[in-house]
Amino acid sequence: MNKIRAAITGVNGYVPDYVLTNKELETMVDTTDEWITTRTGIKERRILKGEDQGTSVLGIGAVKGLLEKTGTKAEEIDLLICATTTPDMAFPATANLIANEVGAVNAFNYDIQAACSGFIYALTTGSQFIETGKYKKVVIVGADKMSSIIDYTDRTTCIIFGDGGGAVLLEPTEEEFGIMDAKLHSDGSGAQHLHMKAGGSRRPASHETVDRREHFVYQEGSAVFKFAVTNMADVSAQVMERNGLTGDDIAFLVPHQANKRIIDATARRMEIGDEKVMLNIHKYGNTTSGTIPLCLWNYENQLKKGDNLILAAFGGGFTWGALWVKWAYDPA
Ligand code: UT7
């Protein structure tokens, strides 16, 4: 019997309607469209507005469309994993809220928190359940309502992040498609450069933490940039090397969308041209766990069966990694 692999058999994305442009940010903080565009590549991002609208809204939107597109009944889902850094609540897991709303009554569900690498961590984890042969339909969601933890008076962070999410369906195949290899890394010493100070068990919410604006993303941008640019490029090159892949073999790099300059450096290291790089940072900004599935969704109609993709991410933790994925289907 051939090895069972986890193939991605469908993808869908969901972004909220409200568009926050660089122009609007110019009215909120001391910044310019020109600075944001040249330093990050971002022109606009989406924001989820309204009372009681959490990350699950983004996940539910993505999964509902995914089930429809792939002709999957919600009851058939065995497992739903949600990668998120902005869960609706500290508990229960947002994956449970999504599964309940879409009717995935036979699934077990849990969240994975690996900041901007969340989706590739969840995809790697979910693929193991398929590879055992025991599970047939696994849904991996990556979604974040970053606007819920962003300080819109801090120009160094508020220009970067946006809200959005995506989902993929994993199913078993005995052919040479699917998640072929993964290399994941973590380094907890990076926590000092990128974290949220309060709201966890170490420093629970209080009047003081709110007054000190500690419930927002704290990021030392240039320190994080240095780690991101080397580690995302290195791990992508390492996954290619150990599988005998060159730039010519790669159809697309699917990079986490944190900064266009980090993406460019990764593509250069992989020796691939700009036409092989999936990009949506200009329209969605950094949606944390959402960036990679949103890219796959945006480029789905350009992907062919057998295409070699490198998925790569770097984020808070620090966490980083790269996956080699062989695309399993042609455009509809
Ligand atoms: O998603 C996972 C992890 N996160 C990342 O990968 C993000 C990595 N970091 C970055 O993408 C970049 O560091 C930023 C986009 C956050 C910042 O860009 P930078 O080129 O590293 O700028 P910087 O922090 O070195 O700041 C350069 C200057 C500073 O002014 P001075 O001190 O030189 O006078 C900042 O105050 O730019 C200033 N600045 C701004 N100016 C206009 C910072 N933010 C802004 C802004 N508008 N929004």
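These numbers come from a predicted model, not from an experiment. Order of listing sets the numbers, starting from 1, for every ligand and every atom in it.
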Per-atom contact, atom 37 (O) of ligand 1, protein heavy atoms, under 4.0 angstrom: yes
With nothing but distance in play, are any N or O atoms of G221 less than 3.5 Å from an N or O of ligand 1? yes
If you count the atoms of ligand 1 from 1 in the order shown, which ones are under 4.0 Å from a heavy atom of A258? 1 (O), 5 (C), 6 (O)
Any non-hydrogen side-chain atom of I112 less than 4.5 Å from a side-chain atom of T125? yes
Does P92 offer a backbone N or O that forms a donor-acceptor pair with the side chain of N96 under 3.5 Å? no
With respect to atom 41 (N) of ligand 1, which of M146, K260, R261, R155 exhibits the smallest heavy-atom separation? R155
How far is atom 28 (C) of ligand 1 from its nearest protein heavy atom, and which residue and atom is that? W35 CZ2, 4.5 Å
Ligand 1 atoms nearer than 4.0 angstrom to some heavy atom of V224 are 3 (C), 4 (N), 5 (C), 6 (O)
If you measure every N or O of R39 against every N or O of ligand 1, does any of those distances drop under 3.5 Å? yes
Under 4.0 Å from any heavy atom of I262, which atoms of ligand 1 are there? 6 (O)
Would you mind listing which atoms of ligand 1 come within a distance below 4.0 Å of any non-hydrogen atom of T40? 15 (C)
Hydrogens and angles aside, do S186 and T319 bring a side-chain donor and acceptor to less than 3.5 Å of each other? no
Just let me know how I160 lines up against ligand 1, side chain, backbone, both or neither, with a heavy-atom cut-off below 4.0 Å. side chain
With backbone taken as N, CA, C and O and side chain as the heavy atoms from C-beta onward, which portion of N259 lies under 4.0 Å from ligand 1: side chain, backbone, both, or neither? side chain
More than 12 heavy atoms from other groups under 6.0 Å of CZ on F227: no
Between R39 and R261 the two heavy atoms that sit nearest each other are O-NE, 3.1 Å
Consider only side-chain N and O atoms of H256 and S117, and report whether a donor and an acceptor are under 3.5 Å apart. no
Quick one: nearest non-hydrogen protein atom to atom 7 (C) of ligand 1, plus distance? Q219 OE1, 3.7 Å
Number the atoms of ligand 1 from 1 as they appear, then name those within less than 4.0 Å of a heavy atom of H256, with their elements. 1 (O), 2 (C)
Those atoms of ligand 1 less than 4.0 Å from some heavy atom in N286: 1 (O)
Is E68 atom CD crowded by more than 12 heavy atoms from other residues, nucleotides or ligands, each under 6.0 Å away? no
Identity and distance of the protein heavy atom lying nearest atom 2 (C) of ligand 1: C116 SG, 3.2 Å
T31 neighbourhood, listing ligand 1 atoms whose heavy-atom distance to it stays under 4.0 Å: 42 (C), 46 (C), 47 (N), 48 (N)
Output all residues satisfying ring pair (Phe, Tyr, Trp, His ring centres under 6.0 Å) with F108, sequence neighbours left out; order by chain, then residue number. F129, Y135
So is K49 actually on top of Y18's ring, under 6.0 Å and inside 45° of the axis? yes
Measure from atom 23 (P) of ligand 1 to the protein's non-hydrogen atoms and state whether any distance is below 4.0 Å. no
For atom 25 (O) of ligand 1, grab the closest protein heavy atom and report residue, atom and distance to one decimal in Å. S222 CB, 4.1 Å
Return a yes/no value: protein heavy atom under 4.0 Å from atom 16 (C) of ligand 1? yes
Could any protein non-hydrogen atom be found less than 4.0 Å from atom 33 (O) of ligand 1? no
Using a 6.0 Å distance limit plus a 45 degree cone around the ring axis, check whether K197 lies over the aromatic ring of Y218. yes
Side chain to side chain donor-acceptor pair (under 3.5 Å) between Q219 and T157: does it pass, once the steps are laid out? CA-CA 7 Å; Q219 174 170 259; T157 50; over 6 Å; no
Which bit of F225 is near ligand 1, meaning a heavy atom under 4.0 Å away: side chain, backbone, both or neither? both
Quick one: does any side-chain atom of D144 pair with a main-chain N or O of S289 as donor and acceptor, under 3.5 Å? yes
For F314, the ligand 1 atoms whose distance to one of its heavy atoms is below 4.0 Å: 2 (C)
Donor-acceptor pair, distance only, cut-off 3.5 Å: does the side chain of N231 make one with the backbone of A228? no
